[in-house]
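Here's the structure we're looking at; comments come further down.
Proteins come first, then strands; the chains are lettered A, B, ... in the order of their sequence lines, and each starts at number 1. Values below: all heavy atoms of this structure, side chains included; hydrogens, waters and symmetry mates excluded.
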Amino acid sequence: MARPLDMDDLYRLRHSAAHVLAQAVSHLFPETKMTIGPPTEDGFYYDFDRDTPFTPTDLEALEAEMARGIGRSEVFECREVTRDEALTLFADNPYKVELIGDIPEGDRITIYTNGDFTDLCRGPHAGNSGDIKAFRLLHTAGAYWRGSEKNKMLQRIYGTAFQSREDLDAYLTRLEEAKKRDHRRLGRELGLFMISPLVGAGLPLWLPRGAVLRETLSDFMRDQQRKRGYLPVITPHLAKRELYEISGHWQAYRENLYPSMHGEHEELVMKPVNCPFHIQIYASERRSYRDLPVRYAEFGTVYRWEQSGELGGLTRVRGFTQDDSHIFCRPDQLVSEFHGVVDLIMLVFKRLKLEYRARVGLRDPENPSKYVGGDDVWEQSQTALIQAVNELQMPHEVAVGEAAIYGPKLDFLVRDAIGREWQLGTVQVDYVLPERFGLEYTGEDGQPHRPVMIHRAPFGSLERFVGVLIEHFAGAFPLWLAPVQAVIIPIADRHAEYAESVRTKLSDAGLRVQVDRRPERMQAKIRDAQLQKVPYMLVVGDKEAAAEAVAVRSRDRGDLGAIALTQFLANAVDEMEM
RNA sequence: GCCGACGUAGCUCAGCUGGCAGAGCAGCGGUUUCGUAAACCGCCGGUCGUCGGUUCGAGUCCGACCGUCGGCUCCA
């Protein structure tokens, strides 16, 4: 076995590959201004300032030019320079001048040279360009200078590099595999959802099989919530603008709200969040300390204006449904309620065998305009959240600036098949909205007290959650989730009647089954069921009809032979519990 | 929103430098009644994303818009 790949070595290699790319650009497109070119998790990129964008043909020419640079095995030489020297060297490049200006006084300023190309760079680099054994330029993209849309858009070239040809091939194969499980592709192939341009971008339509999948998840959650003392509520999709002015969403998220509609005397907006509605329900009665906690749950569909370039599939949409709930509790109940919510979220991940990590999101003190609520209230809620998380003894990281507008939160991030991480479950502690809406309960002392709110959504959005599940399972859902759990395949027309009786028995037992009675051969029906990733195919012919049996073929394990129908049903029920 | 690529039948795709719109699968009709991943024959199917322009002539060239994809920015 080859020695384990040292990430630092790979980073150096990719960093050097970025320099070789910049060198190639300087040869073929001398008018181009270099900016920055770091290594990334999967490769590297380099941003160039250039009037005309790079074409796919340009990329081919650059790959050839890079190969020449690598062939020369040029050493990466590091040299420390003075600030003045650096400014002189890069006098004609405003980007480098800006970077030099940002290097703190007293820090070393270094430049790296490979052959005829010199770049301002902190390093480190590979020994020489010949170490880059395998590389590929992947695609181009626009990217703002320093990531701000106020700055000029630069031309970015993405590439990747490895220490061997095999590693590169393995990476490219992985990209291909990831493409095959893309939820947008599988969504169409498996008949789960669609996007109609006439309905609108970012507004997915759920097809029957997708709707069954989603409903199965919703039913699971409803069942858990019922067991945990949640109460269902249902609220409309529109509300007066004033509601969101009080909550603060109108001010803080105006650019993400759909333009308002005019009623007779009021302005109505599509709801971007469910919480103010649930707050109104809480506020509709006098509440005693004995009534708390109150847990309102709703699969609430919300609408947020997203920039068109951001839309795609089920994971980035303009309308989506949250498995939302708002818990109103006394301060002394906060920690136990919080723990109950985390328990529910972990149950979801366990049921689906998903790997996750937890992240505490705190507010960014540098950017107070992103939030509502005073410092003291934030201090209180952040302290409460951190305490609750610590008591769980759950590994987590802390991210400053990742709070919600009204409070800190605990997010759960799930990694999907392509390695992307998705924020799925979330719990938020909120002292702000109860204050803004003047919520109260009467305490033991007969005095009014302010409740605390917990916002939580274990799935996050059903759309995004299903999108991630499609990719995670590559469409081959576990039995309990599969939209069609079994297809019954009669071998010849004379077996249709028995097939129908099998369907009735299994349907009555709660399974989602279909009979494939097309005038096709059994082989064709099996093939179609496999491609549709149906967990079980039940072949029925003369032998099965005579014995009240089914010949079971598993999607994953192949032909399992004939067993009694009652036995199949018992096995299936067991499997769904797992 | 910004940068780039792309948009041809329900799906996957071909159509070279402008000169009569193609294939496979799906669908429909027929034949076949079959034992674990595609039976056979035939037929239908397209305002080449939309609108405008250049040209004797546009799927092909140009522009705008709509949409999709890869990024950037944003994400309560």
Side-chain angles (χ1 to χ4, degrees), chain A residues 45 47 50 52-56 58-59 138-158 179 182 184-185 188-189 194-202 244 247-257 272-276 302 304-313 315-318 322 361 370-372 402-407 409 423 426 428 430 432-433 455 457 461 464 489-496 519-532 537-544 551-555 558-562:
Chain A
Y45 66 81
D47 287 346
R50 187 158 182 271
T52 40
F54 295 102
T55 65
D58 292 340
L59 287 196
L138 297 170
H139 50 262
T140 58
Y144 300 106
W145 167 240
R146 303 204 125 179
S148 167
E149 60 186 326
K150 296 189 183 71
N151 291 337
K152 181 167 182 182
M153 182 157 276
L154 308 170
Q155 301 303 325
R156 175 172 296 180
I157 295 177
Y158 280 94
K179 239 183 184 168
D182 187 308
R184 291 165 297 200
R185 176 196 180 111
R188 183 178 55 244
E189 289 175 359
M194 60 171 283
I195 308 278
S196 157
L198 207 47
V199 171
Y244 293 106
S247 72
H249 291 96
W250 177 263
Q251 298 84 329
Y253 282 96
R254 180 110 190 239
E255 70 278 15
N256 285 103
L257 294 177
V273 288
N274 301 303
C275 28
V302 298
R304 299 177 187 178
W305 173 261
E306 303 288 353
Q307 300 187 100
S308 58
E310 263 309 320
L311 301 173
T315 47
R316 199 61 187 166
V317 290
R318 283 177 170 159
Q322 298 174 309
K370 274 177 70 179
Y371 311 98
V372 296
E402 289 292 330
I405 62 170
Y406 39 66
K409 59 180 180 169
Q423 180 200 310
T426 179
Q428 301 164 10
D430 177 11
V432 173
L433 290 183
H455 308 237
S461 114
R464 175 181 289 198
I489 299 176
I491 290 177
D493 288 349
R494 67 177 178 278
H495 307 121
E520 288 287 345
R521 295 172 66 218
M522 174 200 67
Q523 281 86 343
K525 296 178 185 178
I526 286 178
R527 178 184 145 86
D528 288 341
Q530 283 287 155
L531 291 175
Q532 286 293 306
M537 285 141 272
L538 306 178
V539 177
V540 295
D542 293 330
K543 286 178 282 187
E544 289 75 18
V552 181
R553 181 192 165 99
S554 149
R555 170 188 67 196
D559 187 357
L560 301 180

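Seen from the ring of A/Phe54, A/Arg50 counts as a face-on cation partner, given the 6.0 Å and 45° thresholds.
Across all strands shown, nothing is found opposite B/C48 as a Watson-Crick or G-U wobble partner with both distances under 3.5 Å. Shown here, B/A5 forms a base pair with B/U68; the pair counts as Watson-Crick or G-U wobble because both key distances fall under 3.5 Å. Across all strands shown, nothing is found opposite B/A14 as a Watson-Crick or G-U wobble partner with both distances under 3.5 Å. Remark: B/C61 base-pairs with B/G53. Criterion, Watson-Crick or G-U wobble with two distances under 3.5 Å. Across all strands shown, B/U36 forms no Watson-Crick or G-U wobble pair with both distances under 3.5 Å. In a base pair of the Watson-Crick type (N1 to N3 plus N6-O4 or O6-N4) or a G-U wobble (N1-O2 and O6-N3), with each distance short of 3.5 Å, B/C20 is matched with no nucleotide.
Atom name P, nucleotides B/G18 and B/C74: the rounded distance is 44 Å, in whole Å. Between B/A21 and B/U47, the distance separating the two C1' atoms is 13 Å to the nearest Å. Taking atom C1' on both nucleotides, B/A64 is separated from B/G19 by 28 Å, rounded to a whole Å. Look at the P atom in both B/U54 and B/G42: the space between them is 47 Å, to the nearest Å. One P atom belongs to B/C51, the other to B/G59, and the distance between them is 13 Å to the nearest Å. The separation of B/C48 from B/G22, taken at their C1' atoms, amounts to 12 Å, rounded to a whole angstrom. The same atom, P, is picked in B/G10 and in B/G45; the two are 12 Å apart, to the nearest Å. On the P atoms, B/U60 is 14 Å away from B/C6, given to the nearest whole Å.
Side chain A/Arg553 to base B/A37: a donor-acceptor pair is found below 3.5 Å. For A/Glu544 and B/G35, a side-chain-to-base donor-acceptor distance below 3.5 Å is present, hydrogens and geometry of angles not being considered. Checked by distance alone, A/Tyr144 brings a side-chain donor or acceptor within 3.5 Å of a matching partner on the base of B/G1. With hydrogens and angles ignored, a donor-acceptor pair closer than 3.5 Å exists between the side chain of A/Arg316 and the base of B/C74.
Nearest nucleotide to the side chain of A/Met153, out of B/A39, B/U36, B/C2: B/C2. Among the nucleotides B/C3, B/U33, B/A37, the one closest to any side-chain atom of A/Asp493 is B/U33. For A/Gln523, the listed nucleotide lying nearest its side chain is B/A38; candidates were B/C69, B/A76, B/A38.
Between A/Glu402 and A/Lys409, no side-chain nitrogen of the basic residue sits less than 4.0 Å from a carboxylate oxygen of the acidic one, so the salt-bridge criterion is not met. Ionic pairing of A/Arg553 and A/Asp559 is not present here: no N-O contact between side-chain nitrogen and carboxylate oxygen is shorter than 4.0 angstrom.
In terms of phosphate contacts, A/Thr140 brings no side-chain nitrogen or oxygen within less than 4.0 Å of OP1 or OP2 of B/G4. Side-chain N/O atoms of A/Arg184 include one lying less than 4.0 angstrom from OP1 or OP2 on B/G70. Distances shorter than 4.0 Å separate none of the side-chain N or O atoms of A/Tyr158 from OP1 or OP2 on B/G4. OP1 and OP2 of B/C75 both lie 4.0 Å or more from every side-chain N or O belonging to A/Arg304. Distances shorter than 4.0 Å separate none of the side-chain N or O atoms of A/Arg156 from OP1 or OP2 on B/G71. Side-chain N/O atoms of A/Arg521 include none lying less than 4.0 angstrom from OP1 or OP2 on B/C40.
Atom pair A/Glu189:CD and B/A26:C1' shows a separation of 13 Å (rounding to whole Å applied). Atom P of nucleotide B/G4 and atom CG of A/Leu138 are separated by 20 Å, given to the nearest angstrom. Atom CD1 in A/Ile157 sits about 14 Å away from atom P in B/A5, given to the nearest Å. At whole-Å resolution of the value, OH in A/Tyr45 and C1' in B/G4 are 17 Å apart. Distance, A/Ile195 CD1 to B/C11 C1': 17 Å, rounded to whole Å. Atom CE of A/Met194 is separated from atom P of B/U68 by 12 Å (rounded to the nearest Å). Remark: P of B/C6 and NE2 of A/His139 are 16 Å apart, rounded to the nearest angstrom. Atom CD1 of A/Ile405 and atom P of B/C75 are 12 Å apart (whole Å).
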Apply the test side chain to side chain contact (heavy atoms under 4.5 Å, CB included) to residues A/Trp305 and A/Glu255: give CA-CA distance (whole Å), side-chain angles for both, the deciding distance (0.1 Å), then the verdict.
CA-CA 7 Å; A/Trp305 173 261; A/Glu255 70 278 15; over 6 Å; no
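Looking at A/Glu306 and A/Asn256, their side chains come closer than 4.5 Å, going by heavy atoms from C-beta outward.
Taking the 5.5 Å centre cut-off and the 30° plane limit, the aromatic side chain of A/Tyr253 is classed as stacked on B/A76.
With no hydrogens or angles considered, a side-chain donor-acceptor pair links A/Asn274 and A/Gln322 at under 3.5 Å. Of the N and O atoms on the side chains of A/Arg146 and A/Tyr144, not one donor lies less than 3.5 Å from an acceptor on the other residue.
Counting any heavy atom pair closer than 4.0 Å across all strands shown, A/His249 reaches a base atom. A/Asn256 comes within 4.0 angstrom of a base, heavy atoms only.
The aromatic rings of A/His249 and A/Tyr244 sit perpendicular to each other, their planes meeting at more than 60°, with 30° as the lower class boundary.
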